[in-house]
Chemist: 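Sharing a structure, written as structure tokens. Questions coming.
Being a predicted model, the structure only gives us computed values, none of them experimental. Counting starts at 1 for both ligands and their atoms, in listed order.
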Amino acid sequence: MVKLNTQTRYSPITAIVKNAGQLVTLNLPGHLGPRRGKEMSSLGIIKDGAVAIAGTRIFAVDQTAKLIKKLKIGKHTEIIDAEGRLVTPGLVDPHCHPVFGGNRANEFEMRLAGKDYLEIAKAGGGIKSTVRATRKASPQQLYERGRKVVDKMLESGVTTIEGKSGYGLNTQAEIKILKVLNQLGQDTKASIVTTFLGAHEIPEEFEHNPDDYVALICGEMIPTVASLGLAEFCDIFCEKGVFSPKQSRIVMQTAQAFGLKLKIHADQLHSTGGAELAAEFGAVSADHLDCVAQEGIHLMKKAGVIAVLLPGSVFVLDSKRRAPARQMIEYGLPVALGTDFNPGSSPILSLPLTMSLACILFKMTPAESLCAATINAAYAIDRGDKCGSLTPGKMADLVIWDADDYREIPYWIGQNLAKTVIKNGKRI
Ligand code: NIG
Ligand code: FE
């Protein structure tokens with residue numbers, strides 16, 4: 001019989017992050033699903049905590065002393081000392097438009113001079129202007145731009161990103177964007193969830209017959225995207241002058257028939273009925289909601305739709321209408337936060353900055369903003385079982401912050417406090 005040498009015995013623990021002064025786990029014992037109401041303030045904080053990692057997954061979470069005592073540390077276990085700092089789950093950005101050509105600095109200036117976002121769009125600017133630049137760009141050019149965006153997001157502490165198409169608006173260009181997004185998911189450390197947003201705007205060539213564009217989306221784009229497996233979600237910009245609720249409904253029915261999950265840009269600039277549509281179709285999330293009606297909030301809650309709020313676009317467009325975050329939370333609607341990173345309404349790629357804006361503009365508390373940018377954001381992209389909290393079995397995605405307290409993340413506005421980002425168990 002071979003005797004095992006207990007000193008060099010095998011340990012499944014590949015890394016331990018220890019001595020986290022504040023370990024924010026976002027665990028709520030016995031609770032599955034997105035957090036609502038007061039649950040959004042329950043962060044599951046462990047003082048002097050540690051996380052044991054086995055390969056790409058979280059193995060155990062506890063106080064440092066207890067964890068080290070109870071686990072076998074092998075000679076290959078990497079010890080990462082947080083030296084008393086704040087440690088949280090990797091942040092999750094559930095709403096971004098990261099792949100596009102050109103920029104719209106000219107429109108930024110036009111808006112400062114008093115022009116309105118929708119007015120600029122009607123005159124051929126806005127999304128249409130980015131569509132022209134994106135159609136012209138090669139896949140390589142789009143990839144290089146997108147890669148910089150994803151790398152910057154990772155550096156700021158975001159480890160899972162939802163990315164939408166929507167600047168191609170014909171089958172070929174939409175597929176070009178989705179392929180770039182999928183490639184970024186393979187090549188970068190970030191987990192990327194892809195969304196088809198062919199219904200982002202009526203392209204110039206269909207301006208006089210928008211219903212024909214809806215027919216193209218449903219007859220050609222969705223079937224192609226679904227058969228190539230390029231997207232998990234389908235999104236639509238339901239807005240006055242863009243896609244009506246009637247047109248949105250047709251797109252949503254088709255997407256659902258082809259097995260795509262649903263998201264919707266709802267009630268951003270006008271109360272259009274997007275929230276109600278999200279509820280009717282059982283969408284995973286309804287996003288923006290700055291002009292949402294009471295009935296929409298009520299129906300979303302009933303249908304289990306998550307509200308993804310995007311204070312970046314409210315700030316950039318200097319909108320007076322703001323999503324009623326306080327009311328939503330108090331009513332028990334789960335709220336998530338996203339950057340909405342895009343070249344028009346939100347050239348903001350920092351989720352920590354978005355948390356600051358949610359606190360200041362939407363009166364969310366720092367705890368709620370962190371819950372909204374982690375576990376609730378994970379549920380908003382149907383990844384609640386994989387990320388968003390430090391739970392054994394989930395992906396080992398963590399951030400060590402140059403801070404002692406979670407409130408500092410939204411408090412130090414515009415700073416990047418992420419010191420060490422760990423994705424799938426590896427430091428990046
Ligand atoms: O989420 N609202 C529609 N789509 C984007 C804006 C896109 C753009 O301006 O390029 C948004 O805000
Ligand atoms: Fe958006």
Chemist: Quick check: are there more than 12 heavy atoms from other residues, nucleotides or ligands sitting under 6.0 Å from OH of Y331?
Modeler: yes
Chemist: What protein atoms of element N, O or S are positioned under 2.8 Å from the Fe ion (ligand 2)?
Modeler: H95 NE2, H97 NE2, H265 NE2, D340 OD1
Chemist: Look at K261 together with D382 and state whether they make a salt bridge at an N to O cut-off of under 4.0 Å.
Modeler: yes
Chemist: Is E162 paired with R383 through a side-chain N to carboxylate O contact shorter than 4.0 Å?
Modeler: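 Looking at E162 together with R383, the answer is no, because their closest N to O distance does not fall below 4.0 Å.
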Chemist: Residues around ligand 1, heavy atom under 4.0 Å from any ligand atom, sorted by chain and number. Can you pull those?
Modeler: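 Heavy-atom contacts below 4.0 Å: H95, H97, R104, Y117, I127, Y167, H200, F237, H265, Q268, H288, D340, N342, G344, S345.
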Chemist: Looking at every heavy atom in both A380 and V308, which two are closest together, and how far apart are they?
Modeler: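 Answer, listing the atom of A380 first, then V308: CB-CG2, 3.6 Å.
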Chemist: Indicate yes or no: does E368 engage R326 in a salt bridge with an N to O separation below 4.0 Å.
Modeler: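 Yes, this pair counts.
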Chemist: Charged N to carboxylate O below 4.0 Å: is that the case for K164 and D235?
Modeler: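 Result for this pair is yes, salt bridge flagged.
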Chemist: Can K122 and E207 be counted as an ion pair, charged N to O under 4.0 angstrom?
Modeler: no
Chemist: Taking the ring centre of each residue, are H97 and F341 less than 6.0 Å apart?
Modeler: no
Chemist: Answer yes if the side chains of T391 and N27 hold a donor-acceptor pair under 3.5 Å, and no otherwise.
Modeler: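 Per modelled atom types, T391 and N27 side chains form a pair under 3.5 Å.
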